[in-house]
Amino acid sequence: MSLLEERYRYWLRLLPASYRAEREEEMVAVFLEGSPDVSDADGPRPRWSEIASVAALAVRVRLGGAGAAPRSLSWGETVRLVALLGLLFQAFLAVLTVAAALHTYGVIGTADPSLAQVAGPLGSAERLANILRSLAGAVWIAPFVALVLGQARTAKAPALLAFVVDLLVLTDSVGWGPFEALAWSLMPVVTLSALWTGFHRDVRPARRPRWLLMLPLAAGIVFDVLFRLVAAPDIPAWWWPWLDPLGLASTLILGAGIGYGYVHLRSPARRTPSWPLALAILAVPVLCARLAGLDHGFDAADEVSRIIMLGTLGQTAVLLLVALVLAVLGFRALPAAQGPSPEPPRMTYS
């Protein structure tokens, strides 16, 4: 075996073993035909375009669509559900931020004078910039709508734009560095990754029920009203960890996880690996971001700070426990590994 062939076979390990058993020799032969008369002394390596094509093929095979092996199909459905739920949550946050902006500037109710001063003088460039920053999150609504309507390719570009806008707003208004902003944006990172990898060219996106379009709006209105009810000076400190975006994400994941657990116990025929695994995957960035910010602003001498810390730790522990249970349920529900699908995706050679 030549050095180049050995290196080609090394990169082909990205593909499932069942797929390699059927296609590896053909693929290696085609690759070697494109690099004739290359000796080991030249230290030959596969071209980056070839490595990228193998990696893309591996994603398509492992996250299969209709006609794929059952296990690959389950993982594909899981990743696509992660994308849908992640975009739903980002659209929900967008509704909350828009509602907060409408309250801040007096479009809904009476504007708070203190908030109006922070927003900047009426008609000033500072005020306009603050308005644009407060409405920036609304960009997430576009990819969610596109995905629900079955337009996954259309959803990818605005989702990437929304993520970049989020990072710019965080680094500009909050004063964070790019790495701190990225740590806070782990949920959008996971959502984007799932959107771009799960909806590949071998997948025909399904149209979702139209009522899903109203879900972020309805949830946003409910939580906005709830915030107005609990946003009082004497609110108990243990509430606070549940009111920021990470707390809201924890609440929704816990609620959905408990709901799936009920279905799992009461209706065995409706068990599926995609829902518990998707919820467990979405819990990971929330847990990472929460753990990374545990000591931020903590003052051991202050009672309120201690209560908030204990509440945050309790929230994190419960979310971790539920995520582990969901992961176990999801892995147990996965179909057994099988051979390649009857018509596996073929690679395009160049």
Side-chain angles (χ1 to χ4, degrees), residues 1-83 152-153 155-157 159-160 163-164 178-179 182 186 188-205 273-274 277-278 281 284-285 288 331 334-350:
M1 184 184 300
S2 67
L3 179 61
L4 183 58
E5 180 179 349
E6 181 180 347
R7 287 173 171 170
Y8 275 129
R9 292 185 185 277
Y10 172 82
W11 285 107
L12 289 176
R13 291 176 190 172
L14 293 172
L15 297 166
S18 58
Y19 190 94
R20 294 201 312 271
E22 185 174 344
R23 306 288 185 191
E24 183 174 8
E25 298 304 323
E26 174 191 354
M27 295 172 69
V28 170
V30 172
F31 280 139
L32 291 176
E33 285 179 5
S35 303
D37 303 326
V38 176
S39 66
D40 291 352
D42 298 327
R45 295 180 179 277
R47 289 182 285 270
W48 285 111
S49 59
E50 294 170 334
I51 295 174
S53 63
V54 171
L57 177 63
V59 171
R60 288 161 47 204
V61 173
R62 293 184 183 276
L63 304 179
R71 195 176 183 90
S72 297
L73 178 60
S74 294
W75 276 115
E77 290 177 343
T78 297
V79 172
R80 289 185 280 276
L81 184 58
V82 168
R153 290 186 179 181
K156 292 180 178 181
L160 183 59
F163 173 69
V164 173
F179 292 105
L182 189 60
L186 284 175
V189 168
V190 171
T191 300
L192 267 181
S193 301
L195 178 63
W196 282 80
T197 59
F199 292 93
H200 48 77
R201 70 186 189 188
D202 293 329
V203 172
R204 181 173 298 175
S274 57
L277 288 175
I281 290 171
V284 172
C288 291
F331 278 109
L334 277 173
Q338 298 180 0
S341 59
E343 297 182 1
R346 286 182 172 271
M347 189 170 181
T348 302
Y349 306 111
S350 56

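In what follows, residues are counted from 1 in the order of the sequence shown.
In terms of heavy atoms, L334 sits closest to S74 at CD2-CB, 3.7 Å. The minimum heavy-atom distance linking T191 with A83 is given by the pair CG2-O, 3.8 Å. L63 and H200 make their closest contact through O-NE2, 2.5 Å (heavy atoms, listed as atom of the first residue, atom of the second, distance). When all heavy atoms of G198 and V203 are compared, the pair lying nearest together is O-CG2, 3.7 Å. Closest approach of L192 to L160, counting heavy atoms only: CD2-N, 3.7 Å.
Listed by chain and residue number, W11, V54, A55, A58 satisfy the side-chain contact (heavy atoms from CB on, under 4.5 Å) test with L14 (two or more places apart in sequence, or in another chain). For E5, the side chain to side chain donor-acceptor pair (under 3.5 Å) partners two or more places apart in sequence, or in a different chain, are R9. Under the side-chain contact (heavy atoms from CB on, under 4.5 Å) criterion, A56 pairs with no residue, sequence neighbours left out. With sequence neighbours left out, the side-chain contact (heavy atoms from CB on, under 4.5 Å) criterion links V82 to V190, A194, A278, I281, L282. Contacts of S274 classified as side chain to side chain donor-acceptor pair (under 3.5 Å), with partners at least two apart in sequence or in another chain: T272. Residues satisfying the ring-ring contact (aromatic ring centres under 6.0 Å, His included) criterion with Y8, sequence neighbours excluded, are F31.
Between R153 and R201, the closest side-chain pair of non-hydrogen atoms falls below 4.5 Å. Looking only at side-chain heavy atoms (C-beta outward), R7 and L3 come within less than 4.5 Å of each other.
Taking CZ of R80 as the reference point, atom CZ of F199 lies at 6.5 Å (rounded to 0.5 Å). How far CG of L81 is from CD of E77: 9.0 Å, rounded to the nearest 0.5 Å. Expressed to the nearest 0.5 Å, how far CG of L12 lies from CZ of R23 amounts to 13.0 Å. Distance CD/E50 to CE/M27: 10.0 Å, rounded to 0.5 Å.
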